[in-house]
Amino acid sequence: MRIKVRDALAAESPLGGITVSGWVRTRRDAKGFSFVEINDGSCLRNLQAVVDHAVPGAEALGTVLTGASVSVDGELVPSPAKGQRWELRVSAFRLVGEADATFPLQKKGHTAEFLRTIPHLRARTNRIASSLRLRSRLAMAVHEFFQARGFAYVHTPVITVSDCEGAGELFRVTTLDPAAPPKSPDGSVDWAADFFARQAFLTVSGQLEAETLACALGDVYTFGPTFRAENSQTSRHASEFWMIEPEMAFCDLAGDMDCAESLVKHLVRAALECCPEELEFFNAYVDKGLLERLRLVADRPFTRITYGEAVDLLLASGRPFEHPVKWGENLQSEHERWLTEERFGGPVTVCDYPAAAKPFYMRQNDDDRTVAAMDVLVPGVGEIVGGSQREERPERLEAAMRAHGLDLEAYRWYLDLRRYGTVPHAGFGLGFERLLMFVTGEGNIRDVTAYPRTPGHA
RNA sequence: UGCCUGGUAGCUCAGCGGUAGAGCAGGUGACUGUUAAUCACUUGGUCGCAGGUUCGAUCCCUGCCCAGGCAGCCA
């Protein structure tokens with residue numbers, strides 16, 4: 001009976017007649033027998049198989065190098081040596097697939113840069129496999145969080161026809177021949193001849209559609225792929241990433257911030273509880289202060305300040321920032337870093353940003369110069385959540401849309417939400433990969449994504 | 001896209017205006033309930049690409065390509 005390494009290592013008593021299948025991490029030869037470390041991806045740790053050279057199939061051991069796949073029968077017994085509680089005393093050894101000396105992964109540590117050159121093989125490393133296991137576990141934790149609170153999981157379209165959702169450059173979706181697109185009489189491309197009879201793009205956010213569903217189901221969330229065609233060359237931007245976007249009817253900015261904080265904490269706690277070995281690994285090899293930071297985040301309330309207070313603190317800091325701090329200007333990365341890493345040493349939720357710097361749909365505050373927006377900033381990564389209370393007053397929303405130069409006709413459906421039974425509502429977007437960066441301590445979004453898509457790389 | 005740094009063996013790196021080095025990986029042998037095993041020996045390179053300076057360039061200069069970091073845009 002095949003058993004996963006994870007279950008074998010968790011055994012309470014010896015197990016006979018089991019089969020373990022996986023990939024060889026390393027082989028050590030002794031007189032008359034060999035140690036073969038087998039990893040099957042079910043957990044971080046390997047199972048040490050002890051293969052007597054007289055056992056059936058052991059003659060293949062000579063070609064068993066790091067990377068080979070094997071399947072072994074045997075008996076799980078207490079290990080007489082230090083280093084592991086259990087080991088597998090092998091009764092039959094089978095080499096399933098050889099890996100010759102050109103296998104690029106070694107027993108030694110590799111740089112993240114090198115691993116990115118072999119995306120199809122790097123998941124066989126402790127580092128990438130751990131991040132993918134965490135990713136899987138935390139994806140489920142997202143659903144646990146919202147389902148326990150009565151949110152409906154909704155699927156908003158990946159293909160959108162709004163060409164200005166306000167969150168950046170879009171990827172075009174078309175079936176037209178790029179070399180010879182149909183033309184209108186005026187020489188421009190005739191998009192009416194395209195597949196959707198108009199221009200179409202990949203979504204940059206499901207927010208606007210989620211708002212319509214929240215105004216029917218109450219509390220909803222999306223969790224799916226998001227696409228941005230910005231030429232962002234940084235360690236924390238990807239062209240394709242996953243975003244979690246809750247949208248809550250009858251909710252204000254305070255409730256929005258509460259939800260975001262609870263969600264981040266829930267995910268951090270889930271990681272601490274479900275993936276302790278992975279986190280120990282990241283703490284040891286990727287980010288020395290990781291565990292301490294995560295425990296603090298799980299226990300302590302996030303600091304909550306307004307944009308205006310943030311500006312005052314930054315001005316009073318006496319720091320010679322490269323970008324001067326000025327009310328009305330966006331907070332720069334260096335400012336966010338100072339707030340989270342130096343001033344408060346933990347997550348900071350900043351709210352009430354200047355209206356001029358924010359999109360049309362955010363609710364205008366009574367001071368007439370700020371909007372009910374909020375960002376959650378965390379040490380090391382920066383912004384992982386961006387959200388707001390939405391403008392539910394039809395006249396205010398229309399005015400804001402005009403001020404942003406939007407075509408009101410194209411957003412008639414969005415305005416209808418305010419025309420028919422409008423309600424205060426709020427939501428936010430949480431970048432899933434950015435959360436994973438925060439939880440793993442990885443400094444590059446490419447290392448928490450199996451197949452990262454970034455400008456120039458797909 | 002801008003600025004900065006880098007590109008030398010399969011990997012991680014050292015080196016230097018005078019013809020190429022280490023550790024690990026691979027191979028051979030020894031030893032050993034081993035733990036990134038150990039020890040000895042050993043295979044392995046157009047020094048990113050193209051020009052230029054020079055008696056001579058991996059080294060200096062220019063351009064290009066690639067990677068990383070930082071910044072902007074954001075999640």
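In what follows, every chain begins at residue 1, and chains take the letters A, B, ... in the order their sequences are listed.
- Neither OP1 nor OP2 of B:G72 sits under 4.0 Å from any side-chain N or O of A:Asn231.
- At the heavy-atom level, A:Pro104 lies nowhere under 4.0 Å from the strands shown.
- Both distances falling under 3.5 Å, in either a Watson-Crick or a G-U wobble arrangement, place B:U38 opposite B:A30.
- With hydrogens and angles ignored, no donor-acceptor pair under 3.5 angstrom links the side chain of A:His110 to the base of B:C11.
- Counting any heavy atom pair closer than 4.0 Å across all strands shown, A:Asn330 reaches sugar-phosphate atoms only and no base atom.
- Along RNA chain B, the nucleotide closest to A:His457 and the one closest to A:Val385 are compared, and the more 5′ of them pairs with A:His457.
- Taking NZ of A:Lys358 as the start and CG of A:Asp352 as the end, the distance is 11.0 Å to the nearest 0.5 Å.
- In summary, the side chains of A:Ser388 and A:Arg390 do present a donor paired with an acceptor at a separation below 3.5 Å, with no hydrogens or angles considered.
- Among the protein residues, A:Thr234 comes within range of the nucleic acid bases, having at least one heavy atom under 4.0 Å from a base atom.
- The side chain of A:Glu230 approaches B:C73 more closely than any other nucleotide in the set B:U34, B:G27, B:C73.
- For the residue pair A:Tyr361 and A:Gln207, a side-chain donor N or O sits within less than 3.5 Å of a side-chain acceptor on the partner.
- A stacking contact links A:Phe241 to B:A75: the aromatic ring centre lies within less than 5.5 Å of the base's six-membered ring centre, and the planes differ by less than 30°.
- Atom P of B:G6 sits at a distance of 13 Å from the matching atom of B:U62, rounded to the whole Å.
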Checking side chain to side chain contact (heavy atoms under 4.5 Å, CB included) for the pair A:Leu61/A:Phe93: CA distance, chi angles, key distance, verdict? CA-CA 9 Å; A:Leu61 273 173; A:Phe93 183 89; 3.8 Å; yes

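- Within 4.0 Å of A:Gln332, counting heavy atoms only, lie sugar-phosphate atoms of the nucleic acid but no base atom.
- The pair A:Arg116-A:Asp447 meets the salt-bridge criterion, with a side-chain N (NZ, NE, NH1 or NH2) lying under 4.0 Å from an Asp/Glu carboxylate O.
- A donor and an acceptor atom sit less than 3.5 Å apart, one in the side chain of A:Arg434 and one in the base of B:C74.
- A side-chain N or O of A:Asn126 and one of A:Arg25 form a donor-acceptor pair less than 3.5 Å apart.
- Contact annotation: side chain of A:Gln106 to base of B:G10, donor-acceptor pair present below 3.5 Å.
- Remark: B:C13 base-pairs with B:G21; criterion is Watson-Crick or G-U wobble with both hydrogen-bond distances under 3.5 Å.
- Nucleotide B:G63 is matched to B:C49 when pairs are restricted to Watson-Crick or G-U wobble geometry with both distances under 3.5 angstrom.
- Pairing for B:U1 is with B:A71, a Watson-Crick or G-U wobble pair whose two hydrogen-bonding atom distances lie under 3.5 Å.
- A distance of about 28 Å separates the C1' atoms of B:G17 and B:G23, rounded to the whole Å.
- When each of A:Arg133, A:Arg137, A:Arg127 is paired with A:Glu278, the side chain to side chain donor-acceptor pair (under 3.5 Å) condition holds for A:Arg133 and for no other.
- Nucleotide B:G56 is matched to nothing when pairs are restricted to Watson-Crick or G-U wobble geometry with both distances under 3.5 angstrom.
- No engagement by A:Ala112 is indicated, since no non-hydrogen atom pair under 4.0 Å with the nucleic acid exists.
- For the residue pair A:Thr454/A:His457, the side-chain donor-acceptor check at 3.5 Å is not satisfied.
- Comparing the same atom, P, in B:G48 and in B:U43 gives a spacing of 24 Å after rounding to whole Å.
- Considering A:Arg28, A:Arg45, A:Arg27 in turn, A:Arg28 is the only one that fulfils the salt bridge (charged side-chain N to carboxylate O under 4.0 Å, His left out) rule with A:Glu37.
- Phosphate contact (OP1/OP2 of B:G69, side-chain N/O of A:Arg236, threshold under 4.0 Å): absent.
- No close placement of the A:Phe223 and A:Phe151 rings is indicated, their centers lying 6.0 Å or farther apart.
- Between A:Ser333 and B:G72, a side-chain N or O to OP1/OP2 separation shorter than 4.0 Å is present.
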Got a list of protein N/O to nucleotides 35-39 of chain B N/O distances below 3.5 Å?
from	atom 1	to	atom 2	distance (Å)
B:U35	O4'	A:Arg28	NE	3.4
B:U35	O2	A:Gln84	OE1	3.1
B:U35	N3	A:Lys82	O	2.9
B:U35	N3	A:Gln84	OE1	3.1
B:U35	N3	A:Gln84	NE2	3.3
B:U35	O4	A:Lys82	N	3.4
B:U35	O4	A:Lys82	O	2.2
B:U35	O4	A:Gln84	NE2	3.3
B:A37	OP1	A:Thr26	OG1	3.4
B:A37	OP1	A:Lys107	NZ	2.8
B:A37	OP2	A:Arg28	NH1	3.0

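- Annotation: proximity of residues 89-102 of chain A to RNA chain B (heavy atom, distance under 4.0 Å) is found for A:Ala101, numbered in ascending order.
- Across B:G21 and B:A14, the matching C1' atoms stand 7 Å from one another, rounded to whole Å.
- OP1 and OP2 of B:C11 both lie 4.0 Å or more from every side-chain N or O belonging to A:Thr111.
- Comparing B:G33, B:A67, B:A71 by their nearest atom to the side chain of A:Gln233 picks out B:A71.
- Annotation: A:Tyr221 is in aromatic contact with A:Tyr153 [ring centroid separation under 6.0 Å].
- Taking atom C1' on both nucleotides, B:A67 is separated from B:U54 by 31 Å, rounded to a whole Å.
- Within the 4.0 angstrom heavy-atom criterion, no nucleotide atom of any strand lies near A:Arg45.
- Side-chain to base pairing of A:Ser232 with B:C73: one donor and one acceptor N or O lie within less than 3.5 Å of each other.
- For A:Asn46 and A:Gln48, the side-chain atoms include no donor-acceptor pair closer than 3.5 Å.
- For B:G45 and B:U12, the C1' atoms lie 16 Å apart once the distance is rounded to whole Å.
- Nucleotides B:G72 and B:A36 place their P atoms 42 Å apart, quoted to the nearest Å.
- Between the C1' atoms of B:G29 and B:A22, the separation comes to 23 Å (whole Å).
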